[in-house]
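Values in this document were obtained by computation on a predicted structure and should not be read as measured data.
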Amino acid sequence: MGKIRINNMTFHTYNGVFAEEKKLGQKLEIDVEMTYPIEEKVKTDNLNETVSYADVYSVIEDFVLKNNFNLIESVANNLLKILLTKFPALNAITLRIRKYSVPIDGIFKNIEIEVSGVQNDK
């Protein structure tokens, strides 16, 4: 089973619990890993035989720039549902969302959430 990945998509968003996060915003990085039977489906070098990376990127960008949540867990869960619905040819999707500038007293680079889902009929 093949994998298609788009890594390190970066967006400035306004997700978080604290007022400063909602006002100033922060950087989110998103990776998406899509499981697709490339070996079976892609036979003639035709875009119609695979999933358009540009379309996947646009769906992710539109979602994260138009929606704000208290929790990045909610960002991840809701985005996963939308991707599974909009791209039914994919067997499974894994999202990794990294949030920077998290207001925690300590030294670390980011917080990362990972969620995965499979198509119901696959």
Side-chain angles (χ1 to χ4, degrees):
M1 188 65 61
K3 302 281 187 185
I4 301 169
R5 294 182 183 94
I6 305 174
N7 296 315
N8 298 316
M9 293 174 275
T10 304
F11 307 99
H12 187 81
T13 69
Y14 297 89
N15 296 287
V17 174
F18 299 105
E20 297 83 13
E21 294 177 293
K22 294 182 184 300
K23 180 180 178 185
L24 301 175
Q26 71 289 117
K27 176 173 81 167
L28 285 187
E29 276 184 0
I30 300 176
D31 302 337
V32 61
E33 179 181 285
M34 299 163 280
T35 303
Y36 182 71
I38 297 167
E39 304 85 351
E40 299 166 19
K41 299 286 186 178
V42 181
K43 301 288 187 195
T44 65
D45 198 33
N46 185 325
L47 178 59
N48 293 323
E49 295 177 340
T50 191
V51 175
S52 168
Y53 319 145
D55 291 347
V56 173
Y57 182 92
S58 291
V59 168
I60 293 170
E61 178 182 46
D62 185 64
F63 178 83
V64 299
L65 294 180
K66 290 183 178 175
N67 293 280
N68 299 313
F69 296 92
N70 289 329
L71 306 173
I72 60 170
E73 291 88 339
S74 295
V75 174
N77 285 332
N78 285 285
L79 180 54
L80 179 63
K81 287 178 194 171
I82 287 172
L83 291 170
L84 287 167
T85 300
K86 290 196 177 272
F87 301 98
L90 296 171
N91 289 45
I93 298 173
T94 296
L95 287 172
R96 289 174 203 85
I97 301 181
R98 289 176 294 285
K99 181 177 177 181
Y100 293 80
S101 304
V102 179
I104 296 174
D105 188 21
I107 300 170
F108 57 94
K109 186 173 181 179
N110 59 56
I111 301 296
E112 182 175 84
I113 300 298
E114 180 175 312
V115 295
S116 296
V118 297
Q119 293 294 357
N120 290 332
D121 61 351
K122 304 235 181 221

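Note: Tyr36 OH to Lys3 NZ = 14.5 Å, rounded to the nearest 0.5 Å. Between atom CD1 of residue Ile97 and atom CG of residue Leu28 there is a gap of 6.5 Å, rounded to the nearest 0.5 Å. Note that CD1 of Ile111 and NZ of Lys99 are 9.0 Å apart. Values are rounded to the nearest 0.5 Å. The structure places CG of Leu84 at 8.0 Å from CG of Asn120, a figure rounded to the nearest 0.5 Å. Rounded to the nearest 0.5 angstrom, Phe18 CZ and Asn70 CG are separated by 10.5 Å.
With hydrogens and angles disregarded, no donor-acceptor distance shorter than 3.5 Å links the side chain of Glu33 to the backbone of Ala92. At distances below 3.5 Å, at least one donor-acceptor pair connects side-chain atoms of Gln26 with backbone N or O atoms of Asn15. When atom types are taken as modelled, the side chain of His12 and the backbone of Leu65 share no donor-acceptor pair closer than 3.5 angstrom. For Ser116 (side chain) and Glu114 (main-chain N/O), no donor-acceptor pair under 3.5 Å exists by modelled atom type. The closest donor-acceptor contact from the side chain of Glu21 to the backbone of Val17 lies under 3.5 Å.
Here Glu73 pairs with nothing under the side-chain hydrogen bond (donor to acceptor under 3.5 Å, both in side chains) rule; sequence neighbours left out. Taking Lys27 as the reference, Glu29 meet the salt bridge (charged side-chain N to carboxylate O under 4.0 Å, His left out) condition, with sequence neighbours excluded.
Here the closest non-hydrogen pair linking Ile113 and Ala76 is CG2-CB, 4.1 Å.
Side-chain contact between Leu83 and Phe63 is absent, with no heavy-atom pair separated by less than 4.5 Å. Between Glu49 and Lys43 there is a side-chain heavy-atom pair separated by less than 4.5 Å. Contact of the Val56 side chain with the Val32 side chain is registered, since non-hydrogen atoms from C-beta on lie closer than 4.5 Å. Counting heavy atoms from C-beta on, the side chains of Asp31 and Asn8 come closer than 4.5 Å. Looking at Asn68 and Lys22, their side chains never come closer than 4.5 Å, going by heavy atoms from C-beta outward. For the pair Asn91/Gln119, no side-chain contact is recorded, criterion being any heavy-atom separation below 4.5 Å from C-beta on. Considering only heavy atoms from C-beta on, Ile60 comes within 4.5 Å of Leu79 through its side chain.
With salt bridges taken as basic N to acidic carboxylate O contacts below 4.0 Å, one links Glu112 and Arg98.
Residues Tyr53 and Leu80 share a single hydrophobic cluster, defined by chaining ILVMFWY side chains whose heavy atoms lie under 4.5 Å apart. Put simply, Leu95 and Met9 are part of the same group of oily side chains (I, L, V, M, F, W, Y) that touch within less than 4.5 Å, one to the next. Tyr14 is not connected to Ile30 by any chain of hydrophobic side-chain contacts under 4.5 Å among Ile, Leu, Val, Met, Phe, Trp and Tyr, and they are in different clusters. Hydrophobic cluster membership is shared by Ile82 and Tyr57, with clusters built from Ile, Leu, Val, Met, Phe, Trp and Tyr side chains linked at under 4.5 angstrom.
Other residues, nucleotides and ligands contribute more than 12 heavy atoms inside 6.0 Å of the CG atom of Asn7.
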